Amino acid sequence: MDLPKFYSPTEVEDKIYEQWEASGYFNPDKLKLSEDAPVFSLMMPPPNVTGVLHLGHALENTIMDSEIRYQRMRGKRTLLLPGTDHAAVATQARVEKELINSGKYKNPRQELGREKLLEIIREYSENSKATILKQIRKMGTSCDWGRLAYTFDEPREKAVNEMFVRMYNDGLIYRGYRVVNWSVKGQSTLSDDELEYKEQAGKLYTFKYSADFPIPIATTRPETKLGDTAVAVNPDDPRYEQYIGVEFEVEVGAKKPLQIKIIADDAVDPAFGTGALGVTPAHSQIDFEMKEKHGLELIPVINQYGRMTEEAGPEYAGLKVLEAREKFVNYLKENNLLIKEEEITQNVGTSDRFGDVVEVVPMLQWFVNVNKKIPGRGTSLKDLMKEVFTTGLNGDEKQKIKITPERFEKSYFNWIDNLRDWCISRQIWWGHRIPVYYRKLGSQKAKGRRQNEIQNSKTWNLKIYGQETFENLKNGTKKIETRAGKPKGSEKYWGDFKAGDVVEFYLADAATDTKIARVEPIKKVITKVTHFQTLEEMFANYKMADITTSKTIEEEKSWWQKIPGLYKRIEQYGIWAFELEETKNSGIALTFFRHTQTNSNKNGITMGRTDMSINNEGSKQAEEIAEKIKNKHFDLIFCSPLKRARETAEILFGKNNLKIDERLTEIDFGQLTGKSWSEADEYREAGFPGGESYSDVARRVNDFLAEIFDKYPGKRIAIVSHSNIWKVLENIINDQPLNINFLKQHAQLGPIEFNLSEIKYVGDKPPKGEGWEQDPDTLDTWFSSGLWTFSTLGWPEQTADLKKFHPTTWMQMGYEILFFWMARMILMSSYALRELPFREVYIHGILRDKSGKKFSKSAGNGIDPLEMCAKYGTDALRMSLISGVAPGNDAKFYEDKVVGFRNFANKIWNIGRFIQMAKQDVGAGLAPARATARVAPTTLADRWIMSRLNNVIKEVTGDFDNYRFSLAAEKLYEFAWHELADWYVEIAKKQGDDNTYQLLTNIYLDTLKLLHPFMPFITETIFQSFEADKMLMIEKWPGVDEKKINAQTEQDFKVLQDLVTAIRSWRKEKNIEPKEILKVQIAGGGNLVTEQKEVIDYLCRTEIESVEELAEFNLEVDEMKIRIMI
RNA sequence: GGGUUUGUAGCUCAGUUGGUUAGAGCGCCUCGUUUACACCGAGGAGGUCACAGGUUCGAGACCUGUCAAACCCACCA
């Protein structure tokens, strides 16, 4: 077969790819290998279905395919599994933008609704996906198309749901009211990692809240100051020391006067601004953490639409943030409160997807707790994420990930150390729906008659028993912003309410539990959700009737203050007391310790209790709580041995999970005294007839607590006992203080969630029965990509693939998604499978244009890889992407580089063409000779090229094994062009015999094999023109023949090369006709000159003669003296 | 503020654990079309390896410092 003069890639590439695909060898199961052949598996980083492939993808495809092809030729059972990513936010943002740009829609979400918009996004993504898959083929990527996966297809959905449920059951996923990053434009949360900080000019205002407020503060966001609840100063700052702990009431125009407490916190930098920080817990991450630590109130003044809330005051409510800022600054100026106004540059968090400034607002969202200990494992997710690089997963040295280049380990750790809980819920629609279902309490059928105007808000239906309460709600005398409930006795429901939610109250008949039809329901919008942090706050917000006491506020207060130990601590750490149902005499208390860990590693502790009663059948509510907290929030559950406590605890936690402890035996007043607790004063100090004294019980419980916290450090412990034990605990705290520091160290509780306003079900599919609605939110896209290494293999099913290919052998990615993706894959895999996601990871840099700028659409410097393929061939593109780049470094890409490798491809092509023509001339067949005798190296040139080849095989193999792709490519380039073509082929022309050409054929075919991983198309094409019945892709990787490597031979040949170059150079300098044959005498050349005379003469157009000695000479090379005669 | 990377020929970059005379591609200069290849060949010019110290028999590489550039994280309230 005659090869054309130039290699034309476009003519062969598609054909060759089809041939590969048809062969089935992309599929590891079809490779002809022994059963025990080593496995090499690699999951393709799935490209986003947001558009088409760019050069970065081309680079990734080149790297992974080169590696895969190398490993396949090494005889591994090789799997490269292809896939795409639905890229939740990115895709929806892109499609929405296009819809808006088309002019047809202003607000696609509102105008189209969920289903229609999803349909459009789906169509868009399917088109994009089809294009991408085509492009991956075009790049020559040898992946197993039979195993194609998509992060948003059914098997992956199953994996996502399963993972969510597992993590939820382990208490690692929780729903919490915390500050999140909120894109007003995108109407969705964003994770910390999705923020992009941009420098912006801004103003730093220094002001005082009021004329007599002693501490000025500085801010760039004056409008948020309407929600301030504290001023934080550094504890060591002498200027403010005197004020620490003091509380001020200031009137700044907010709905209520601000209660500003001066707190001390190490996070405050005394040198910045005034050295005092106005704390706005609702609109700053750090301030929120201070709130947790210091028990501050949280007042949201900005809502999800970027407008001021009612809390901000009547003057401000409804204003946009910037308008409010102006107004507030004016207010400050008018009242002489503004001290300074400076121009500064600041970093503002923005969303690159939606293109707006991100607001920090408090919201109820789903989070992954990275610090909580995984039940039964003693490690947190964060620990796992570290383990894989330090001690090895599960402490197994062998279970470590190797990262190339190593330096990325450092930045990974740096990132882990700053890791906060991961907000995983998104309000966009394109993504995996959160597998949680709710059924509203009260009327199951009641759906909001009219759709709420407010997006993402919920309508709650709540039954009210009691005309009076209903009326109070109606005329606003009952506060519903803090809680919603039905005061039948003291039953109260705590809700997952968000500001903006609508509550519809129905009056119901207590006896029949049915709605009273003639009374119209009332609707209220929730404006604020508050968690009580102090007793003061609780008293201020609770009606006394809502607390199970007959005392007045003043009485209650003075009673609490009589117990300074407890009072002080509650003041300091806050209290959560959720009363779920009436505490009757026989109420059962669940006491829990909540450990709050903040970024600055200060510990706070919150104590609280949940009282609940059970009736004979076991209370419905207990069952609901059971659903919620069964095995989820506590590592250990201790229970009183008495029947009622046990029964409740069994419902809540299951029989087998309880540790019954005698020391939790409560005092049964009824039995002992025949009186109720409130009447039992007389026994408090004196002791009970026939039983322990009060302080005996206190001591017993105290000992018990000390013991269990000692014995189970770091465990989350629940105590179920008769509610009187709570009184005992109070006594302990009062009389012989419970060691709070001790608790700080030992009681480690994750956030605890009591969400009882609706019944929640977490699972793949909703339970049977009517009225179940799925959570409208979707999951962060990285939640599904985190499962990629195993969801692609059929997890959660224990498939054969999973067994065979996981942990995957290798992974490659750009450093820009190290945190997004690698961290999450490690988290998911080590948590759910207790396996590494991959054994090794190779980090590459990003591509930039010639002037060092990132490629981007907006910069208009994009280069379409397919255009490059069409123009110069895929092989040339691949070579240009992989060479000249150090691992992990950024690389500049420019077209001239591709041109160079196109030329190289043509060089390779023409060597093959020459061999074929030459062989035809001497009448030899094209196929390589098998018998080694016929291809034995005979001449110096033969021995040299064999030595060089084997050296190159050795080095290139080593480079591949250490992921030095660039070096391998450059060495092959050098060898093929400047050794094989420039020297050996030239000499072969002179040698001209059958043996030479056979030898040349073998060397050439080996070179093709070595080049195949980088340049699969051209090498396959030529190879098959030599060996029609074979396929290069599955040929064996050339082995090194050490015996052929000979330093002396290489040295000798180097002398020959130097001699030839010297003569040519001399001829050039003297301007001698190239064709003229020169007579040359050489002294000291020995065998080299005599034996290589013909070769030298041929290469230099000379007639050389070896002489003994030369008195005069023109040149010296090595030890030779050379005289050239004209 | 913490961290990482980079600084080598006109340009773009290699240079693996310290080891002969520091390399490649492009560009530049000179010459050449004898059929493998002008998408080529031959020859050539061009570098104080950012700077200053140090370790070493020996440093582009290792250490310290300085200067310059890029990036990541935290963040200034």
Side-chain angles (χ1 to χ4, degrees), chain A residues 3 5-7 192-193 197 202 204-206 217-221 224-225 231-232 267-269 271-280 284-287 344-347 349 405 407-408 410-411 413-415 417-418 599 815-816 818-819 845-846 848 850-852 854 872-873 876 880 883-897 899-918 955 958-959 962-964 966-967 969-971 973-974 977-978 981-982 985-986 989 1060-1062 1064-1069 1071-1075 1099-1101:
Chain A
L3 295 174
K5 201 165 171 179
F6 294 112
Y7 169 59
D192 291 344
D193 314 298
Y197 287 93
L204 181 67
Y205 302 91
T206 306
I217 57 165
T219 181
T220 54
R221 299 285 312 265
T224 65
K225 301 289 109 184
V231 164
V268 180
D269 174 7
F272 185 84
T274 62
L277 163 67
V279 181
T280 322
S284 152
Q285 278 280 3
I286 293 199
D287 295 5
I344 57 159
T345 52
Q346 53 173 345
N347 276 328
R407 64 182 139 93
F408 287 102
K410 265 191 188 170
S411 49
F413 277 110
N414 184 268
W415 178 82
D417 287 339
N418 289 309
N599 250 19
Y815 60 76
E816 77 276 14
L818 206 68
F819 309 134
I846 55 174
R848 298 166 180 280
K850 200 161 184 175
S851 58
K854 273 190 186 178
Y872 306 108
S880 66
S883 51
V885 190
N889 283 9
D890 289 355
K892 288 178 189 162
F893 182 89
Y894 46 96
E895 201 166 331
D896 281 351
K897 207 170 166 185
V899 173
F901 286 106
R902 187 268 317 262
N903 297 349
F904 176 63
N906 199 51
K907 191 64 161 176
I908 296 292
W909 182 261
N910 271 292
I911 300 170
R913 188 160 165 261
F914 167 75
I915 296 171
Q916 298 195 355
M917 290 168 95
E955 287 193 27
D959 288 338
N962 291 290
Y963 317 116
R964 299 187 294 246
S966 179
L967 278 183
E970 280 157 35
K971 280 173 191 165
Y973 181 98
E974 167 71 17
W977 198 321
H978 298 304
D982 286 352
V985 167
E986 289 310 313
K989 285 177 188 170
V1060 170
T1061 305
R1064 284 169 171 176
S1065 173
W1066 188 87
R1067 178 200 289 273
K1068 181 95 177 183
E1069 254 173 57
N1071 265 326
I1072 293 164
E1073 271 290 302
K1075 285 180 191 173
L1099 294 174
C1100 303
R1101 311 208 116 248

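On a predicted model such as this, the values are computed, not experimentally measured, just so you know. We name chains A, B, ... by the order of the sequence lines, and we start the count at 1 in each one. The figures that follow rest on heavy atoms only: side chains count, while hydrogens, waters and symmetry mates do not.
- The C1' atoms of B:U48 and B:U8 are separated by 12 Å, rounded to the nearest whole Å.
- B:U56 is unpaired under the Watson-Crick or G-U wobble criterion, no partner having all donor-acceptor distances under 3.5 Å.
- A ring pair (Phe, Tyr, Trp, His ring centres under 6.0 Å) with A:Trp909 is found for exactly one of A:Phe914, A:Tyr7, A:Phe6, namely A:Tyr7.
- The nucleotide B:G46 finds no pairing partner, because no Watson-Crick or G-U wobble arrangement with both distances shorter than 3.5 Å includes it.
- Shown here, B:A24 forms a base pair with B:U12; the pair counts as Watson-Crick or G-U wobble because both key distances fall under 3.5 Å.
- One atom, NZ of A:Lys971, and another, C1' of B:G23, lie 13 Å apart when rounded to the nearest Å.
- The separation of B:U20 from B:A59, taken at their P atoms, amounts to 12 Å, rounded to a whole angstrom.
- A distance of about 30 Å separates the C1' atoms of B:C13 and B:G54, rounded to the whole Å.
- Distance CG (A:Leu1099) to P (B:A42): 10 Å, rounded to an integer number of Å.
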How would you summarise protein contacts on nucleotides 1-11 of chain B per nucleotide, using B for base, S for sugar-phosphate only and - for none, with heavy-atom distances below 4.0 Å? ---SS-----S
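- A donor-acceptor pair under 3.5 Å is formed between the side chain of A:Asn910 and the backbone N or O of A:Lys5.
- B:A77 and B:C62 have their C1' atoms separated by 44 Å, given to the nearest Å.
- Going from atom CD of A:Glu1069 over to atom C1' of B:A42 covers 14 Å, rounded to whole Å.
- Listed nucleotides: B:A77, B:C13, B:G15. Nearest to the side chain of A:Ala886: B:G15.
- Under 3.5 Å, the side chains of A:Asp890 and A:Tyr815 contain a donor-acceptor pair of N or O atoms.
- Distance from the side chain of A:Leu277 is smallest for B:A77 among the nucleotides B:C75, B:A77, B:A14.
- Distance alone, capped at 3.5 Å, places no donor-acceptor pair between the A:Asn962 side chain and the A:Arg964 backbone.
- Within 4.0 Å (heavy atoms only), A:Phe819 reaches sugar-phosphate atoms of the nucleic acid but no base atom.
- A perpendicular orientation is assigned to the rings of A:Phe904 and A:Phe901, their planes being inclined by more than 60° (bins at 30° and 60°).
- The minimum heavy-atom distance linking A:Arg1067 with A:Arg1101 is given by the pair NH2-O, 2.9 Å.
- The shortest distance between the side-chain N/O atoms of A:Thr220 and the OP1/OP2 oxygens of B:A77 is below 4.0 Å.
- Between B:A14 and B:U6, the two C1' atoms lie 14 Å apart (nearest whole Å).
- Taking each heavy atom of A:Lys907 and A:Ala981 in turn, the nearest pair found is CE-CB, 3.9 Å.
- With P as the reference atom, B:G44 and B:G25 are 14 Å apart, rounded to whole Å.
- Here the separation of B:A22 from B:G58, taken at their C1' atoms, is 15 Å to the nearest Å.
- Counting heavy atoms from C-beta on, the side chains of A:Lys892 and A:Lys897 never come closer than 4.5 Å.
- Between the NZ atom of A:Lys892 and the C1' atom of B:G25 there is a distance of 15 Å, given to the nearest Å.
- If you check the side chains of A:Glu970 and A:Ser883, you find no donor sitting under 3.5 Å from an acceptor.
- Atom pair A:Glu970:CD and B:G25:P shows a separation of 10 Å (rounding to whole Å applied).
- Contact between the side-chain N/O atoms of A:His978 and the OP1/OP2 oxygens of B:G25 is found at a separation under 4.0 Å.
- Residues A:Tyr7 and A:Asp890 each lie close to RNA chain B; by heavy-atom proximity, the contact nearer the 5' end of the strand is made by A:Asp890.
- Residue A:Thr1061 has its side chain nearest to B:G43 when only B:G43, B:C71, B:U16 are considered.
- Mapped onto RNA chain B by nearest heavy atom, A:Ser284 and A:Ser883 fall at different nucleotides, with A:Ser883 at the one closer to the 5' end.
- As a whole-Å value, the separation of A:Trp909 CH2 from B:C39 C1' is 14 Å.
- Nucleotides B:A45 and B:G10, compared at atom C1', are 12 Å apart to the nearest Å.
- Between A:Phe901 atom CZ and B:C40 atom P there is a gap of 13 Å when expressed in whole angstrom units.
- Pair assignment for B:A36 gives none, since no Watson-Crick or G-U wobble pairing has each distance under 3.5 Å.
- Within the nucleic acid shown, A:Ile344 comes within 4.0 Å of sugar-phosphate atoms alone, with no base atom in reach, counting heavy atoms only.
- None of A:Ile217, A:Thr219, A:Asp287 except one satisfies the side chain to side chain contact (heavy atoms under 4.5 Å, CB included) rule with A:Leu277; the exception is A:Asp287.
- Rounded to a whole Å, the CG atom of A:Asp959 is 11 Å from the P atom of B:U16.
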When you check every protein heavy atom under 4.0 Å of nucleotides 26-38 of chain B, what one-letter string (B, S, -) results, 5' to 3'? S---BB----BBS
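- Residue-level contact check: A:Arg1064 touches the backbone only, with heavy atoms under 4.0 Å from sugar-phosphate atoms and none from bases.
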Evaluate salt bridge (charged side-chain N to carboxylate O under 4.0 Å, His left out) for A:Lys989 paired with A:Glu986, printing each intermediate quantity in order. CA-CA 5 Å; A:Lys989 285 177 188 170; A:Glu986 289 310 313; 3.2 Å; yes
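- A donor-acceptor distance shorter than 3.5 angstrom exists from the side chain of A:Lys225 to the backbone of A:Gly278, with no hydrogens or angles considered.
- Listed pair A:Ser1065 / B:G44 meets the phosphate criterion, a side-chain N or O lying under 4.0 Å from OP1 or OP2.
- Across every strand in view, B:G7 sits in a pair with B:C67 that passes the Watson-Crick or G-U test at under 3.5 angstrom.
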